[in-house]
Amino acid sequence: MRSKVVSSIREAVELAGLKDGMTVSFHHHLRNGDYVLNTVMDQIADMGIKELTVNASSLFACHKPLLGHIKNRVVAKILTNYMAEEVGREISCGIMDRAVEFRTHGGRPSDIASGRTPIDVAFIAAPISDPLGNCSGKYGKSACGSLGYAFADAMYADKVVIITDELASYPLMDWSIEETCVDYVVKVDAIGDPAGIVSGTTRITRDPVGLVMAEQAALVIRHSGLLKEGFSFQTGAGGASLAASKFLKEIMLKENIRGSFGLGGITGYLVDMLHAGCFEKLLDVQCFDLDAVESIRKDPRHQEISAEHYASPGAKSAVVDSLDVVILGAAEIDTDFNVNVHTDSNGYIMGGSGGHSDTAAGAKLAMIIAPIQRARMPIVTDRVTCISTPGRDVDVLVTQAGIAVNPENAELKDRLVDAGLNIVNIHDLKRKAEHLTGTPKKPMMGSREVGKVICRDGSLLDTIYSVR
Amino acid sequence: MGAIIRTATAGTFESSDAYVEVGPGRGSIDLSLESVVEQQFGEAIRRAVREVLSECGCDDIEIRIVDRGALDCVIKARVEAAVRRGGMN
C-alpha cells in the first residue's frame, strides 16, 4: 500500500526542504485548543532554521509561545487575519522588526492564490486523514467540522504536510482536502485539546442592554426590505448577535419567510434556524460549537466551503457577494462609520478583521451592533484608532440608545424611519455616551509601525503603531 | 474632618465596576488607583474620589481602588460605601 506517512514532524520538515527565510503556514480551525502550530515551530526552532515568515489564518492565546520564537529569530514576519490580545499585547510593544500584516479571511486566500504571499510549506492540522492525505475535520477525537481556511494552503503551498491524530484506512471518504495536494502525512498523539477546539453551546445574552440591541437589530432587518423569500444571513457568535438571531427567527417563523442560506462561522443557533425552516442551507467556513460540528457531519444541507469560496475578492465570485445581511461587532466605530476590531482603547492589538470587512463589503446590509459605551469607553469616536472595515461598507449602527444609519444609505434610513424605529444621528450617540462617561483623553501612541492592515483590494487600509 | 477607623471594602472586580479598599491613614489622603482607563479617565476618577471624601468629611484615609471601567456615579457610590463601612471618628 502506498503511503505518505513519515515518522515525525522533524522528518516532514527535512523532506519538505524548509530553509532559512521561507514561509510556513497554519490554519486556525482548532482555535484555542491547537497544539500543531506550537509543536511545529518548536521543532523548526530545534532544527536551527531562522528568519521564517509565519502565515497563520488566526493566532489565539494558546499560540503565545510564538513570541519566544520571535525573540530567538526563528520568526521574522507574521501574516494573519486575527491576533488574540495575549499575543497582540507584546507585538504592540514593538518586539518585531517587521510589522505584522493583517489581512481578511477573504484577502488571505486571494493573496495566496495570486502568488502575492506564496507559502513554501503548509502544515495542516486534520482531525482525520488517510495515509495519502485525503483528510477531513468532521471526524476523529479532535473533530472541528469545516476546514475552510486550510484549502488555499493545501492548493497553493509548494509542500503540504498533513498532521493528524487519527489515521484512517485508504481511501477516507467525505474528504475535505484531497491527496492530490498532499506531500507528507504525520501521525501525532494529539493535534489539540478538544475543550479549546469547540465550545459548548454559546448562550444567548441575558444582559438587558444586549437584549434591547438584539431586538432593535431584528427590527432593522425586518424593515430593511431584504427579509423575504430567499433571504441570506451571517452573524457572529457574540451574545447579542445570537440574541438578534433568536428575534429574527421568531419574525421569520411568524411571517412564514423561508431564507436561502446561513453563512459563516456556524453556531448551533444557525443550525436550529436550519432545522426550523428559516434557511434551506448552511455554508460553513468554520464551526464554532459542537452542534455545528455534528450538523456538518450529518446534514447534507450543511456544506463546508473554502475561505476563497467564502470571501475571496480575487475569485470570480464568492458567497459574501450574494449575502443579504450580516451582523457584526465593533470595538470602536467613528462618525464616518469606520470600524475598529484590531485594537483596544489603549491601542494594543487584540483582534483582527477575520471576515468582518469581507462580509461588510459583500452584504447588501452590513449592521454593527454595539452598546454606546463599554467599561467607560464610548464606542462612537471622531476617528477610530485603527480602520479595520471602511465606513463606506457599513450601513447601520444599532445601539441601546438608538439606530444610526450611514448617510450613504438614504433608502435604508427612509425605510426605518417609516417603520417608526428610533433613528438618530451618529454624532448624537457619541454625545449621549460621553454624557455618561466623560470625554476620554486620547492615549499616547508610539511611533513604531507594529501592524499593517491590508484592505481586501490589496491596498494599505491603516497602520497600527506601537504602544508606549 | 475625620479619619477612617477600620479597614473596609466595597465593589467588585467585574467589568464596569470598581473595587475600593479603605483603611486608617497617616494623617492625610493616600490614594492609589489602578484603572483600565487610566490614560483616558485617570484624572477624572481621582477628582471624583476626592469629591466624595470631601463630602463625607474624610481627610485621613488610605484608599486603594481597582477600576474596571466604572462610570463616575459607580466610583462615587463604591467609595462612599467603603468610607461608611470604615467608619470615622
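Just so it is clear: chains get the letters A, B, ... in the order the sequence lines come, proteins before strands, and each one is counted from 1.
In terms of heavy-atom pairs under 4.5 angstrom with chain B, the leader among D344(A), L436(A), N346(A) is N346(A). For the set V37(B), D67(B), D72(B), the entry with the most heavy-atom pairs within less than 4.5 Å of chain A is D72(B).
For the residue pair T12(B) and D17(B), a side-chain donor N or O sits within less than 3.5 Å of a side-chain acceptor on the partner. Side-chain atoms of E332(A) and N338(A) include no donor-acceptor pair closer than 3.5 Å.
Using a 4.0 Å cut-off between a side-chain N of Lys or Arg and a carboxylate O of Asp or Glu, D382(A) and K430(A) qualify as a salt bridge.
Only the side chain of E43(B) comes within contact range of chain A, judged by heavy atoms closer than 4.5 Å.
Ring-centre distance between Y82(A) and F60(A): below the 6.0 Å cut-off.
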